[in-house]
Amino acid sequence: MTHIRSRFQKEADKLVTKYTESISFDWRLYRQDIAGSIAHARMLGKQGIIAAEEAEVIVKGLTAIREEIEQGKLQFQPELEDIHMNIEARLMALVGEVGGKLHTARSRNDQVALDMRLYAKNAISDTLSGLRGLQQTLIQQAEANISVVMPGYTHLQLAQPVLLAHHLLAYFEMLQRDFERFQDCLKRTDVMPLGSGALAGVTYNIDREFVARELGFSRVSCNSMDAVSDRDFVIEFAAAAGITMMHLSRLAEEIVLWSSAEFGFIELDDAYATGSSIMPQKKNPDVAELARGKTGRVYGHLVAILTTMKALPLTYDRDMQEDKEGFFDTVDTLLDTLEVCAGTIRTLEFKPESMRQPVDRGYILATDIADYLVKKGAAFRTAHSIVGKLVSYASEKKMSLKQLSMEEYQRFSPLFGEDVFSITVASSLAARDVPGGTAPRRVAEALAKAKRIMEAG
Ligand code: ARG
């Protein structure tokens, strides 16, 4: 009979044990649980709530248990429910009765809240590094391909020429907002809940600030009932992860499109592509497809935890044990996806000639010609309609706008002069010389700014 069942006459039904245990997944909190317990034991010793020597024995025992777990020597037991009870039982086996003093002035309710916050703080810091890693590869590719021109799209239709670097730096911006979102999420995660007890606080003269300092928290929670029942830091992480995965899925989608024969804009590195079991000619972008596909489960975890927490009465409810699996999977999926995306981008080869073809082919300079008429005095709407007719005429004749004669141009508007032929892809790019525009000068500035952001950390 486990020591928390002393008021019961019977063992738990096997099915109940299986249904309620969490050790099969919350073992992942062992490092956080032990760190939290060590800080708590030291505080108890320092405050004279237990003897200093007793605290010493407990800390030594916990350190030994961490070692055992790391070496795979500790067999976790489902009958002991969770990581907290498994470690505590092992501590008592190792150091005897005195191990039973560790849980003084503490409840599993504030303990699990602490462990989850410690875990989330780590996960945020890993995510921030992962985001920086991907941002770095985007910067490198933007710089290495600084003069490469590609078609920009709206509605996935050829729209206007842009610099490839401009397109890549668009993702840098998205990831920068993601970075800031996680930084912001860290502020609210970085709160130390221990000392809340089961829900109402504890009856001992504890030092919460000491525990917070030992564990690297910036502050302690303000309300014990809130502290044991709040999981919005998990929800915020899941939401921020969902947004990041949404961004990564767009990048992934473009990698899928661009690596197709129809686009041919990139060649994936062999190490980041897979073959087909039946079609020998194929090089599949499975990594990008999975990055796109895994977005679904991350969204799913967000909805799951929101639903679990919805309408729960204060304070702790066992429902909250359901916060863990989805959270762990969110962290794993997000970190892996950031890493494979960085690897994919770092190793892929851009094909400037293939990107150039659609730029030279279609009527991608039509907006520039409309702008030309505006500068000659036409209203933009009139200019738009004139160029629309011009494009329709040229496309019927299967000619490019460059191939039309001056006489043909003038049939559409007397404002056209010889200088219309000096509209080129280069002039089109250079003309978009506004803050945030694709003019090479502006993109160079954006690149320099992105690098400064990276250097600042
Ligand atoms: N395994 C539990 C969880 O993850 C730990 C807290 C248990 N508290 C309790 N009062 N049963 O939520």
Side-chain angles (χ1 to χ4, degrees), residues 1-8 10-13 15-37 39-40 62 65 69 74 76-92 100 102-123 189 191-203 221 223-235 237-238 301 304-331:
M1 181 94 49
T2 66
H3 52 291
I4 53 169
R5 296 187 62 83
S6 53
R7 63 156 288 194
F8 299 112
K10 286 189 196 168
E11 283 294 350
D13 187 279
L15 181 60
V16 170
T17 301
K18 181 169 173 284
Y19 193 68
T20 56
E21 66 84 22
S22 54
I23 186 64
S24 56
F25 48 88
D26 70 9
W27 66 267
R28 284 181 59 156
L29 295 171
Y30 79 89
R31 244 182 258 131
Q32 290 70 23
D33 198 68
I34 290 175
S37 287
H40 182 66
L62 288 166
I65 294 172
I69 297 175
L74 185 63
F76 293 123
Q77 292 169 39
E79 299 70 40
L80 293 169
E81 284 188 19
D82 54 27
I83 186 64
H84 325 295
M85 303 305 298
N86 269 272
I87 289 175
E88 193 180 316
R90 180 64 190 144
L91 181 67
M92 291 177 68
L102 170 62
H103 213 51
T104 313
R106 192 174 70 169
S107 153
R108 272 189 295 163
N109 296 352
D110 55 356
Q111 186 177 359
V112 71
L114 173 71
D115 292 2
M116 286 296 281
R117 283 179 180 274
L118 282 170
Y119 196 96
K121 280 182 66 179
N122 255 328
T189 305
V191 177
M192 208 290 294
L194 220 59
S196 302
L199 75 161
V202 298
T203 58
S221 55
N223 181 303
S224 61
M225 297 182 77
D226 174 45
V228 296
S229 65
D230 152 45
R231 292 292 181 273
D232 43 351
F233 64 99
V234 175
I235 297 175
F237 186 96
H301 298 319
I305 182 64
L306 279 168
T307 311
T308 294
M309 295 306 294
K310 174 179 179 292
L312 279 189
L314 297 187
T315 53
Y316 177 84
D317 299 278
R318 190 64 177 268
D319 316 46
M320 288 159 64
Q321 179 168 292
E322 286 293 306
D323 62 353
K324 293 178 190 60
E325 287 160 288
F327 177 57
F328 293 150
D329 188 64
T330 300
V331 175

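Atoms within each ligand, like the ligands themselves, are counted from 1 in listed order. Count residues from 1 along the sequence.
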Run through all N or O atoms in ligand 1 and write down each protein N or O closer than 3.5 Å, as a pair with its distance.
residue	atom	partner	partner atom	Å
ligand 1	1 (N)	Ser22	OG	3.3
ligand 1	1 (N)	Asp82	OD2	3.0
ligand 1	1 (N)	Gln321	OE1	2.9
ligand 1	4 (O)	Lys324	NZ	2.4
ligand 1	8 (N)	Asn109	OD1	3.0
ligand 1	10 (N)	Asn109	OD1	3.1
ligand 1	12 (O)	Tyr316	OH	2.3

Ring centres under 6.0 Å, that's the criterion: do Phe328 and Phe25 meet it?
no
With heavy-atom distances below 4.5 Å as the criterion, would you say the side chains of Asp33 and His84 are in contact?
yes
Glu322: what forms a salt bridge (Lys or Arg N to Asp or Glu O under 4.0 Å) with it, not counting sequence neighbours?
none
Considering residues at least two apart in sequence or located in another chain, which fulfil the side chain to side chain donor-acceptor pair (under 3.5 Å) criterion with Arg7?
none
Those residues that, when tested against Asp82, pass salt bridge (Lys or Arg N to Asp or Glu O under 4.0 Å) (two or more places apart)
Arg108
Side chain to side chain donor-acceptor pair (under 3.5 Å) for Ser37 and Arg106? Distances and angles first, verdict last.
CA-CA 10 Å; Ser37 287; Arg106 192 174 70 169; 2.9 Å; yes
